[in-house]
Structures are given as structure tokens and as C-alpha cells.
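Data first, discussion second: the structure below is written as C-alpha cells.
Values below: every heavy atom of this structure, side chains too, minus hydrogens, waters and symmetry copies.
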Amino acid sequence: EARGARADPLQILEQEAHLSKIRHQKLQVEDGQRATARVARAAAVESARLETMLQALSEGALLVNDRGEVLKVNEAGRACLRRVGRLDEAGRVLAVGDMSFADLRAALAEDQTRETWEVAEGDPPRHYSITAFRMPLPQATEGAIPVPWGLGILFRDITERRQAEEALG
């Protein structure tokens, strides 16, 4: 990678999801209490690694479980959720842009699938490219077979790009 070039946050998150899945599968081959303790320690490390990675991103990012509960979110992700998300009283994600959480979860039922769409909200409008993908959850679950999955959601503000495209005509 060229010096000074920014890594693509989607690639980083998808790579981390893949590596996390591999690490989780390796832990499943152990048995007994030793494995349970190791899974708990590994899950804590995974959770801390994910938290650090999310906070370092300038793009909005969040991780939700299969019930739409927000497990991890960075500051930009909070701002994007307020602008283009819809939450219930308990703080669960009901929709992101014009896609309901139920539709999004159904669309991402297969491994390595991602869904990308654009949405404009507000006055003046802010334009976002939203990418959602399946991601293993960073939690210790004794005997977690299959791997518990959630959704990673990445928000990219593309307002300047849209304004430039409109100016070019």
C-alpha cells in the first residue's frame, strides 16, 4: 500500500470479520472448561480489537445483533444513525435509510454477502452510501455453534461527490 494512502474501511472490516470467524472456529475444536475460558478471553480480545478499529474510522460504523440491538458504534456512526436511521424506544434499529432492518437481515442471510445502497436525508440533503454485511459477533458464548452473527454497517458521506456530479450536470 502506498505511503499515506488510506485503507478502505469496508475491506478492513470485512477482513476482520473473516479473521474473527477463523479464530472462532479454531477455538471450537477445544473442549471442556479450558476451551470455555479461552473462548471468553478471546472474545474479550476480539471485542476490544473491534472497538479500537471502529473508533479509528472516520466513516460511520456500527455492529448490531440479529435483533437490531446496537452492540458497537463509533461517533460518526451515531451521527449517521440519528440522520438516516430509525430506532425503536429500546434503541433497536428498525431501518437504515429506506431499508427496514428485517429486509436488510433477510438480504444478508448468506455468508460473504453485502448490500450497498444510497440515501439522501435532511435539508440541505446529506448523501450517504451505506454498506451492510454479515459479521461474527464479538461475544463469549459457551459452545457457540454456529458462530453468532450480526450485521456490520458502514456509512460513507458522499455529499461532496453528489454535489460535484450535479454541478457537472
Cluster link [X] to [Y], ILVMFWY, side chain under 4.5 Å:
X	Y	value
M53	V45	no
V119	V64	yes
M99	V93	yes

Does any N or O in the side chain of [X] come within less than 3.5 Å of the main-chain N or O of [Y], such that one atom is a donor and the other an acceptor?
X	Y	result
T131	T116	no
N74	G60	no
Q55	V73	yes

Can you name the nearest heavy-atom pair linking [X] to [Y], along with the distance?
X	Y	value
G91	V70	O-CG2, 4.1 Å
V84	E121	CG1-CG, 3.2 Å
W117	A132	CZ3-CB, 4.2 Å
A61	F155	N-CD1, 4.5 Å

Let me confirm one number: the [atom1]-[atom2] distance from [X] to [Y], rounded to the nearest 0.5 Å.
X	Y	atom1	atom2	result
T159	R126	OG1	CZ	3.5 Å
S58	E75	OG	CD	13.5 Å
I153	M135	CD1	CE	12.0 Å
L94	L87	CG	CG	7.0 Å
L154	L62	CG	CG	9.0 Å
S100	R86	OG	CZ	8.0 Å

**Request:** Decide yes or no for V96 and F101: does some side-chain heavy atom of the first lie under 4.5 Å from some side-chain heavy atom of the second?
**Result:** no
**Item:** pair R83-Y128: side-chain heavy atoms closer than 4.5 Å
**Value:** yes
**Prompt:** Does the pair R161/E118 count as a salt bridge with the N-to-O cut at 4.0 Å?
**Reply:** yes
**Request:** Taking only Lys NZ, Arg NE, NH1 and NH2, and the carboxylate oxygens of Asp or Glu, determine whether R105 and D66 approach each other closer than 4.0 Å.
**Result:**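 No, no charged N to carboxylate O under 4.0 Å.
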